[in-house]
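Shown next, in structure tokens, is the structure this report addresses.
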Amino acid sequence: MPELPEVETIRTGLAPCLIGRQIQALEIRTPKLRWPIPEETLRRHTLHQTIRTLERRGKYLLAACGPGHMLIHLGMSGRLFLLPPDACAERHDHVIWTLDDRTRFCLHDPRRFGALLWIEGEWQGHPLLQELGPEPLEEAFDGDHLYVWSRNRRVAIKTLLMNGRVVVGVGNIYATEALFLAGVHPARPAHWLTRACCGALAEAIRQVLRAAIRQGGTTLRDYRQSDGRPGYFALELQAYGRTGAPCHRCATPIASLRLGQRSAFFCPRCQPLEESN
DNA sequence: ACGCCCTCCTGTTGGC
DNA sequence: TGCCAACAGGAGGGCG
């Protein structure tokens with residue numbers, strides 16, 4: 001499940017292969033992922049045009065090409081990679097681009113929660129992007145921002161962290177890990193968090209995301225870097241998926257619960273429901 | 001406005 | 001061994 005570190009890893013891996021290249025052919029083998037793929041629009045605007053930039057906003061990738069941008073979201077199981085020269089398309093290879101240096105790259109997504117859309121002109125005002133919160137690794141995101149957002153909100157803090165209007169790019173894995181690092185129970189109602197606690201949590205989010213980017217992301221099952229290697233942050237997970245295993249800090253077994261149809265993992269001792277001091 | 005729940009989809013896993 | 005239900009979840013959208 002690609003979150004910010006996975007999408008950023010894919011972006012940096014793929015950018016040198018794509019930027020400055022012209023799109024020579026576009027093969028759309030599946031008409032619809034999360035939404036219908038606008039095949040004719042993409043053909044009209046991107047064929048024989050040069051890919052100028054590859055940016056990331058939250059978990060979205062944006063490739064400037066022709067008079068607008070291709071928007072790509074990897075959903076749950078999406079991958080983007082260069083196809084080996086002689087490779088044939090396989091099951092779940094939904095879109096294949098051929099570039100002017102004969103390389104081909106592929107959008108592969110078994111669960112089809114991903115998206116490929118066309119944005120005319122600049123992407124900032126697009127409905128999917130304009131309401132998004134700050135990038136967690138930029139200055140606009142800090143403890144004050146989290147503190148303001150958490151006032152009068154009764155939702156579990158983990159649910160708040162996964163809300164893209166609050167902060168982008170933080171999904172189940174990194175919300176779980178940041179809460180562990182900050183010593184905050186995932187079900188703690190957001191408005192219980194103190195200012196200091198929000199500061200620690202914001203810093204934990206930034207720390208976890210930076211560490212995960214350094215490791216090339218987290219591979220649980222599907223995710224691969226654009227060169228095919230897994231992401232090695234899985235080896236550093238402290239809580240996610242570790243139900244019953246000893247906490248690396250205090251050896252208490254990691255517990256799990258469901259929050260808003262999502263699994264949450266935490267150490268009952270290191271992450272008390274109420275702030276202890 | 002907030003918060004809850006449903007939905008899309010397929011591969012994997014676990015129980016009987 | 002085989003079948004089937006449960007589960008995984010990003011995030012838009014609907015509803016109360």
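Throughout, a chain's letter reflects where its sequence line sits, starting with A, and its residues are numbered from 1.
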- Please list, chain by chain and in numerical order, all residues satisfying side-chain contact (heavy atoms from CB on, under 4.5 Å) with A:L47, sequence neighbours excluded. A:I23, A:L26, A:R43

Listing time: all N or O pairs from protein to nucleotides 13-15 of chain B that are below 3.5 Å?
none

- Task: Report which part of the nucleic acid A:L220 touches: base, sugar-phosphate, or nothing (heavy-atom distance under 4.0 Å, all strands).
- Result: nothing

- Starting at the 5' end of DNA chain B, which residue's closest nucleotide do you reach first, A:R34 or A:R91? A:R34

- Just say parallel, tilted or perpendicular for the rings of A:H92 and A:H94, cut-offs at 30° and 60°. perpendicular

- Query: What does A:T159 touch in the nucleic acid at a heavy-atom separation under 4.0 angstrom: a base, only the sugar-phosphate, or nothing?
  - Reply: nothing

- Where along residues 110-122 of chain A does a heavy atom fall under 4.0 Å from DNA chain C? A:R111, A:F113

- At what angle, to 10 degrees, do the two end axes of the helix from B:dC2-C:dG16 to B:dC16-C:dG2 meet, given five pairs define each axis? 60°

- Base, sugar-phosphate, or nothing: which does A:R165 touch, judged by heavy atoms less than 4.0 Å apart? nothing

- Message: Tell me whether A:R44 at atom CZ has more than 12 heavy atoms from other residues, nucleotides or ligands lying less than 6.0 Å away.
- Response: yes

- Message: I'd like to check the side-chain contact (heavy atoms from CB on, under 4.5 Å) partners of A:R79; sequence neighbours left out, ordered by chain and number.
- Response: A:F81, A:H108, A:R224

- Item | Minimum side-chain heavy-atom gap A:P134-A:H145 below 4.5 Å | yes

- Query: Do A:Y60 and A:H73 touch side chain to side chain, with heavy atoms closer than 4.5 Å?
  - Reply: yes

- Item | Boundaries of the DNA chain C segment in contact with chain A, non-hydrogen, under 4.0 Å | C:dA8 to C:dG12

